[in-house]
There are 2 protein chains.
Amino acid sequence: MTPDRLSATFSALADPTRRAILARLTLGEASVNELAEPFDMSLPAVSKHLKVLERAGLIARGRAAQWRPCTLQAGPLKDIADWVEQYRRFWEQSFDRLDDYLKELQGKGKKHGPKKQP
Amino acid sequence: MTPDRLSATFSALADPTRRAILARLTLGEASVNELAEPFDMSLPAVSKHLKVLERAGLIARGRAAQWRPCTLQAGPLKDIADWVEQYRRFWEQSFDRLDDYLKELQGKGKKHGPKKQP
DNA sequence: GCTATATTTAACCACATAGTTATTTAACTT
DNA sequence: AAGTTAAATAACTATGTGGTTAAATATAGC
């Protein structure tokens, strides 16, 4: 089965090495050797990570002599942002509940705090 | 190695079945059977997906008689939102460039369109 | 054409993932 | 106690992932 784009993007982001590569690319394009330099890992391993990022549409690769400079392509990240945005009210709601709880702890003197079902 | 929380979250979200389960849980808590119903998949398979979601902190499981109602826990999704937000300027920049390009195509008569650095 | 540099590909290994069916555990019902 | 329902676990299979080392490819420079 060909995995959907969103799955491919989440999957690509589920690895700290790949996220670090993306972070590096926010500073500008870089060669494979430059990208590999910070990692205690062979070059082919990094090359594989780049292939995953490329297939997810998160990087593009140019050609300049024997170098293949990589550049960040943030399009799929917008998809992630849009997807997760659907859930915003749920985590804000959680914080609201925590907030309510803390307020209740502080205001012990008050009756009972708000109830959901009276 | 114990994978970091962000990796675990991205990894959990990289599967369309699990994302569908989370979507279902936005409507309220549900039993394992209820969650499994839409999928052409055995119950143990769904049970495994739930375990992945639970270990990523994306759901919590209660107890009510022989049912284990699942509820959405959106906390880790905020981490995703915060992480991806770092990259917003990059996808907006891409759209800006596309926008500039379209404007340039339309306004052929005008001098050169607005420059970033004057 | 030869050699050095940059990168990819091939072949392999260990382990994780996503699914299956069969069995087991837990709690309710009668 | 026996049976039913809900869910998890066990045991297994197939495939994917992340890493390795060694070999192949592509380009630049002499």
Side-chain angles (χ1 to χ4, degrees), chain A residues 1-25 28-72, chain B residues 1-22 24-25 28-72 76:
Chain A
M1 185 190 86
T2 97
D4 58 296
R5 176 180 161 111
L6 206 49
S7 295
T9 306
F10 275 125
S11 186
L13 297 176
D15 183 287
T17 301
R18 289 195 289 264
R19 291 198 304 277
I21 288 172
L22 292 184
R24 165 62 186 81
L25 290 177
E29 69 171 27
S31 71
V32 177
N33 269 300
E34 284 167 348
L35 291 174
E37 197 274 327
F39 303 107
D40 185 19
M41 183 185 303
S42 70
L43 219 71
V46 173
S47 191
K48 283 189 181 181
H49 282 303
L50 293 176
K51 183 166 288 183
V52 173
L53 290 169
E54 188 180 28
R55 298 200 66 191
L58 286 163
I59 66 171
R61 288 198 261 194
R63 289 245 172 165
Q66 68 267 57
W67 295 274
R68 263 127 238 192
C70 298
T71 55
L72 180 64
Chain B
M1 186 189 86
T2 96
D4 58 297
R5 174 180 162 111
L6 206 50
S7 295
T9 306
F10 275 125
S11 186
L13 296 176
D15 183 288
T17 300
R18 289 194 289 264
R19 292 197 304 277
I21 288 172
L22 292 184
R24 164 62 185 83
L25 290 177
E29 70 171 26
S31 71
V32 177
N33 269 299
E34 284 167 348
L35 290 173
E37 196 274 328
F39 303 108
D40 186 19
M41 185 183 302
S42 70
L43 219 74
V46 173
S47 191
K48 282 189 180 179
H49 282 303
L50 293 176
K51 183 166 287 183
V52 172
L53 290 169
E54 187 179 27
R55 298 200 65 190
L58 286 163
I59 66 171
R61 287 198 261 193
R63 288 246 171 166
Q66 67 266 59
W67 294 274
R68 267 96 169 169
C70 298
T71 54
L72 181 64

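Numbers restart at 1 for each chain; the letters A, B, ... are given by sequence-line order, proteins then strands.
Rounded to whole angstrom, the span from the CD1 atom of B:Ile59 across to the C1' atom of D:dA7 amounts to 13 Å. If you take CH2 of B:Trp67 and P of D:dT5, they are 11 Å apart, rounded to a whole angstrom. B:Arg55 places its CZ atom 13 Å from the C1' atom of C:dT17, with the value rounded to the nearest Å. To the nearest angstrom, P of D:dA7 lies 9 Å from CG of B:Leu35. Nucleotide C:dC28 holds its P atom 11 Å from the CZ atom of B:Arg63, rounded to whole Å. B:Arg68 places its CZ atom 13 Å from the C1' atom of C:dC28, with the value rounded to the nearest Å.
Annotation: the span from B:Phe10 atom CZ to A:Asp15 atom CG amounts to 11.5 Å, rounded to 0.5 Å.
The side chain of A:Gln66 approaches D:dT27 more closely than any other nucleotide in the set C:dA27, D:dT27, C:dT7.
For the pairing with A:Ile59, the side chain to side chain contact (heavy atoms under 4.5 Å, CB included) check across A:Leu35, A:Leu25, A:Thr71 returns one residue only, A:Leu25.
The phosphate of D:dA7 (OP1 or OP2) has a side-chain N or O of B:Asn33 nearer than 4.0 angstrom. Of the side-chain N and O atoms in A:Lys51, none sit less than 4.0 angstrom from OP1 or OP2 of C:dT7. For D:dA7, the OP1/OP2 oxygens have no side-chain nitrogen or oxygen of B:Arg61 closer than 4.0 Å. Considering only side-chain N and O atoms, A:Ser47 lies nowhere under 4.0 angstrom from the phosphate OP1 or OP2 of C:dT7.
Evaluation of the side chain to side chain donor-acceptor pair (under 3.5 Å) rule for B:Arg24 yields no partner, not counting sequence neighbours. Shown here are the salt bridge (charged side-chain N to carboxylate O under 4.0 Å, His left out) partners of B:Glu37, two or more places apart in sequence or in another chain: there are none.
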Report, one pair per line, the protein and nucleotides 18-25 of chain C atoms (nitrogen or oxygen only) whose separation is under 3.5 Å.
unit_1, atom_1, unit_2, atom_2, d
C:dA18, OP1, B:Arg18, NH2, 3.4
C:dA18, OP2, B:Arg18, NH1, 3.0
C:dG19, OP2, B:His49, NE2, 2.3
C:dG19, N7, B:Lys48, NZ, 3.1
C:dG19, O6, B:Lys48, NZ, 2.2
C:dT20, OP1, B:Ser42, N, 3.4
C:dT20, OP2, B:Ser42, N, 3.0
C:dT20, OP2, B:Ser42, OG, 2.5

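A donor-acceptor pair is defined here as one N or O able to donate and one able to accept, closer than 3.5 Å; no such pair exists between the side chain of A:Arg68 and the backbone of A:Arg61.
For the pair B:Leu50 and B:Cys70, the tightest heavy-atom approach, listed with the atom from each and the gap, is CD1-SG, 4.1 Å.
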Show your working on side chain to side chain contact (heavy atoms under 4.5 Å, CB included) between A:Leu72 and A:Leu58 and close with a plain yes or no. CA-CA 6 Å; A:Leu72 180 64; A:Leu58 286 163; 5.6 Å; no
